[in-house]
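Here is the structure we will look at.
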Amino acid sequence: MAEQKKTTPKKTVRKKKPGTTQTKKPTGKAEKPVRKVGIKKLFRGKTEQEKRERKAVRDQKRIAKLEKLEESYSVENYVTEEEAMGPAIYNPQYLKKAAFYRTCGMGVVALLIVFVIGMLLFFKDEITIENFRYLIRNVDFELRNELSDPGVISYDSNPLNTFAVYKDSLVQMSDRKLAIYDASGHSSYVGNLNYTSPALCTSDRYVLAFDRDSGDYSLYTGFNQSWESSTKYPISDVDIAKNGVHVIASRSKNYIGTITVYSASFKEMNVIRKNKHIAAVDLTEDGKNLLFACYSVEEDGLFTELMAIPVNSETPTVRLYLSGIIPWEVRWLDDGRFLLICDEGVKFFDETGKIYYEYGFSDKNVIEYKVCSTTSRIAVICREDNDTTGSHLYLLSADGTLITQRKFDTTVGEITFWHDRIILLSDKTAWQIAETGDTWRYDCSSVLQAAAADSDTLYLCTHTRVVTPDWKEQSDR
């Protein structure tokens, strides 16, 4: 029997009549009824008049809200701090002390301002970077230490080593090097040189190093080289004052003797030209006056000229002519007096140039002499004609009076002034002699090459290091 085909009803589509809306039959799901929207509702609130009205309403609401917030912040709704905390209670004793300390603080600030202004006005020349570096000279990161043992100053051995004291530091100079060491053994400056005949001269401002043969010279502070120049001719003598004014005695192309004075800033202040040999020069401590001695050999014999002159003037205050002597040294003393050391002896002059005393060497063979302008003392080491091994010390005052003398069994060839005492060296032995004649002795294990002293500082130098002396008093005189 043939299987009967299933038949499915065909969907019929109802044609839409014109002017009617076709609706769908329900599909089993709930559908929202379609709302009819009128034309007037679509255009509600869209006109300019309605927009302005709605904006005015919003502005009124905002203003009302702000007025309400401002009313909530009104001071009438709050109490003051005094009303809340009650009346303030003050401590009269505390207020009195507070006012006192406030006044003291203002006074301290005022004194500090006055102090700073005073320092800038009266000590402006001392406010330098070199002095600031000097204050921090012991800071490890600023200084170099070449020593294996702290507190010991050591250096290379050199027969031309020369020593001096600069601001409590030791200056060591040879023909190849100049070094400055502080008391702890640190070096604040080390520089190379090329001198054949090195010499030193120091002051509170600079270290003046020069070469007698070539005429080269340099000025140093504790941390650097400040100036370098050359006369191109041999240097006979130099000197430097406390304020840095310095004088160089040399010669020039047309003159046998030329003395040039420089300021602390290395500017030329004066030039004195002579057709004579310059023997010695000396500046006063303030650097305002210059004293020099020069000599010439003429047909009538040997003639020496002494002249005292302000450093910035061409007119001398004193000019003297002496015949038959060879000048060795000239030095200022106190009160404008000065002296001349020559082959005849020591001649003392007053401020007008008149000789008021002479100390003759007679038959003495002079080995060494030294003048201390600070204490106005003159030390002379002599050897008698009949003495071939010993030596004799004579200490003179500014009046030419013999203060003390002492005889030694050995030759003493080094004189250094320290305080009111004299340091003498001979081989491995050092003597310390007071003006009263009291003597102290120190025996070193090494040969003592030199002694350098200034103010409270004393350095005894061997060929390689500085030693600390263990002085022992001697009873014999």
- Query: Taking Q432 as the fixed residue, which of K472, Q474, R441, R421 is the one that meets the side chain to side chain donor-acceptor pair (under 3.5 Å) rule?
  - Reply: R421

- Please examine the side chains of T317 and P310, heavy atoms only from C-beta on, and report whether any two atoms are closer than 4.5 Å. yes

- Task: Taking atom CD of Q93 as the centre, report whether more than 12 heavy atoms of other residues, nucleotides or ligands fall under 6.0 Å from it.
- Result: no

- Item | T464 and D156, any side-chain heavy atoms less than 4.5 Å apart | no

- Query: Do L424 and L393 touch side chain to side chain, with heavy atoms closer than 4.5 Å?
  - Reply: yes

- Distance from L306 atom CG to R319 atom CZ, nearest 0.5 Å? 11.5 Å

- Query: Between CZ of F417 and CG of L395, what distance do you get to the nearest 0.5 Å?
  - Reply: 6.0 Å

- D213 side chain to S197 side chain, donor-acceptor N/O pair below 3.5 angstrom: no

- Note on the structure: Rounded to the nearest 0.5 angstrom, the CD1-CZ distance for I341 and F361 is 6.0 Å

- Message: If you define the side chain from C-beta out and look only at heavy atoms, does anything of I180 sit under 4.5 Å from F223?
- Response: no

- Item | F349 versus I355, closest heavy-atom pair with distance | CE2-CG1, 3.1 Å

- Can a cation-pi geometry be assigned to R406 and F408, taking NZ or CZ under 6.0 Å from the six-membered ring centre and within 45° of the ring axis? yes

- Item | Crowding at CG, D334 (>12 non-hydrogen neighbours, <6.0 Å) | yes

- Query: Looking at side-chain heavy atoms only, is the closest gap between V447 and H463 below 4.5 Å?
  - Reply: yes

- Query: So among I259, I272, T315, which one has a side-chain contact (heavy atoms from CB on, under 4.5 Å) with I309?
  - Reply: I272

- Residue F303 excluded, over 12 heavy atoms near CZ under 6.0 Å: yes

- Could E368 and K370 be called an ion pair, given the rule that one side-chain N must be under 4.0 Å from one carboxylate O? no

- Item | Criterion ring pair (Phe, Tyr, Trp, His ring centres under 6.0 Å) against Y220, the qualifying member of Y189, F210, Y206 | Y189

- Message: For F266 and W227, take the angle between the two ring planes, folded into 0 to 90°, and tell me which bin it lands in: parallel under 30, tilted 30 to 60, perpendicular over 60.
- Response: parallel

- State, yes or no, whether a side-chain contact exists between L339 and V371 at a heavy-atom distance under 4.5 Å. yes

- Item | Pairing of E351 and R337 as salt bridge, 4.0 angstrom limit | no

- Message: Hydrogens and angles aside, do R205 and N243 bring a side-chain donor and acceptor to less than 3.5 Å of each other?
- Response: no

- Message: Could you check whether K428 makes a cation-pi contact with Y442, meaning its NZ or CZ is under 6.0 Å from the centre of the six-membered ring and within 45° of the ring axis?
- Response: no

- D237 side chain vs I248 backbone, donor-acceptor pair below 3.5 Å: no

- Task: For atom CD of E314, decide whether the heavy atoms of other residues, nucleotides or ligands shown that lie under 6.0 angstrom number more than 12.
- Result: no

- Query: Which class fits the ring pair F163 and Y155: parallel under 30°, tilted 30 to 60°, perpendicular over 60°?
  - Reply: tilted

